[in-house]
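Okay, here's the structure, questions in a sec.
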Amino acid sequence: MKNARRISAMLLATAALAACSSEPEDGNDVPSSWIRSTYTSNGVDYVDRTDPASRVAREIDGHTAAQGRITDGDKEFLRYRNDIVAITPRADGGSRIEIADYRSGYRRWKSHIRTQWPDPDGSAFRGGGPGSGK
């Protein structure tokens with residue numbers, strides 16, 4: 001009887017730990033804390049003073065794989081569940097890294113991404129958050 005109780009307790013503990021997992025079940029989040037710790041803050045954006053946008057995008061995508069990636073000339077765009085990361089060249093060298101929620105990022109960089117990613121205000125868009133209508 002003692003073994004049955006132990007096994008039951010272990011199964012309950014395993015189920016409780018699985019339910020508390022911090023891993024999102026419906027997509028990936030932008031690695032904002034990693035970006036903060038890896039690149040230099042420049043007010044609201046981040047800067048890599050030496051690497052071109054393509055290399056910075058590979059670094060970020062390599063840390064946390066994006067759902068989509070667009071290269072438009074010397075600009076790179078990474079799509080995450082609810083956000084867009086834009087990596088653009090700086091005039092004095094290196095790259096600027098901007099993180100924006102999907103809707104405002106789409107509006108800002110629409111001319112670069114509209115042919116490949118859905119318009120958040122369009123009928124075909126399905127957001128990554130909870131709710132009905134999906």
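Only a predicted model underlies this, so the values are computations on that prediction, with no experimental measurement involved.
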Could you measure the distance from the CD1 atom of I60 to the CD1 atom of I87? Nearest 0.5 Å is fine. 4.5 Å

Measure the spacing between OG1 of T88 and CD of E98 and express it to the nearest 0.5 Å. 5.5 Å

A66 and L78 have their tightest heavy-atom pair at CB-CB, 4.0 Å

Identify whether V30 and I97 are in the same connected component of the hydrophobic contact network (ILVMFWY, side-chain heavy atoms under 4.5 Å). yes

Evaluate side-chain contact (heavy atoms from CB on, under 4.5 Å) for I70 paired with R79, printing each intermediate quantity in order. CA-CA 9 Å; I70 295 173; R79 179 181 177 189; over 6 Å; no

Parallel, tilted or perpendicular: which one describes the rings of F77 and W109, with boundaries at 30° and 60°? tilted

Roughly how far, to the nearest 0.5 Å, is CZ of R107 from CD1 of I84? 11.0 Å

Minimum side-chain heavy-atom gap Q67-N28 below 4.5 Å: yes

Give the C-alpha distance, both sets of side-chain angles, the deciding distance and a yes or no for salt bridge (Lys or Arg N to Asp or Glu O under 4.0 Å) between D121 and R103. CA-CA 8 Å; D121 296 324; R103 178 168 268 109; 3.0 Å; yes

Interatomic distance, OG@S95 vs CG@D45, rounded to 0.5 Å, equals 12.0 Å

Minimal non-hydrogen separation, T64 against Y80, with atom names: O-OH, 2.7 Å

Can you tell me how far apart CG (D48) and CG (N42) are? Round to the nearest 0.5 Å. 12.0 Å

How are the rings of W34 and H63 set relative to one another: parallel (under 30°), tilted (30 to 60°) or perpendicular (over 60°)? parallel

R49 bridged to D92 by N-O distance under 4.0 Å: no

Not counting sequence neighbours, which residues clear salt bridge (Lys or Arg N to Asp or Glu O under 4.0 Å) with D72? List them please. none

Where do R69 and S54 come nearest, in terms of heavy atoms and distance? NH2-O, 3.4 Å

Measure the shortest side-chain to side-chain distance between D61 and E76 over non-hydrogen atoms and say whether it is less than 4.5 angstrom. no

Grouping I, L, V, M, F, W and Y whenever their side-chain heavy atoms are under 4.5 Å apart, do Y39 and I99 come out in a common cluster? yes

Locate the shortest heavy-atom distance separating Y106 from P118; write the atom from each residue and the value. CE1-O, 3.4 Å

What one should report as the nearest heavy-atom pair of S104 and D101 is OG-OD2, 2.7 Å

Could you grab the distance from atom CZ of R96 to atom CZ of R90, nearest 0.5 Å is fine? 9.0 Å

Could you list the residues that satisfy ring pair (Phe, Tyr, Trp, His ring centres under 6.0 Å) with Y46, not counting sequence neighbours? none

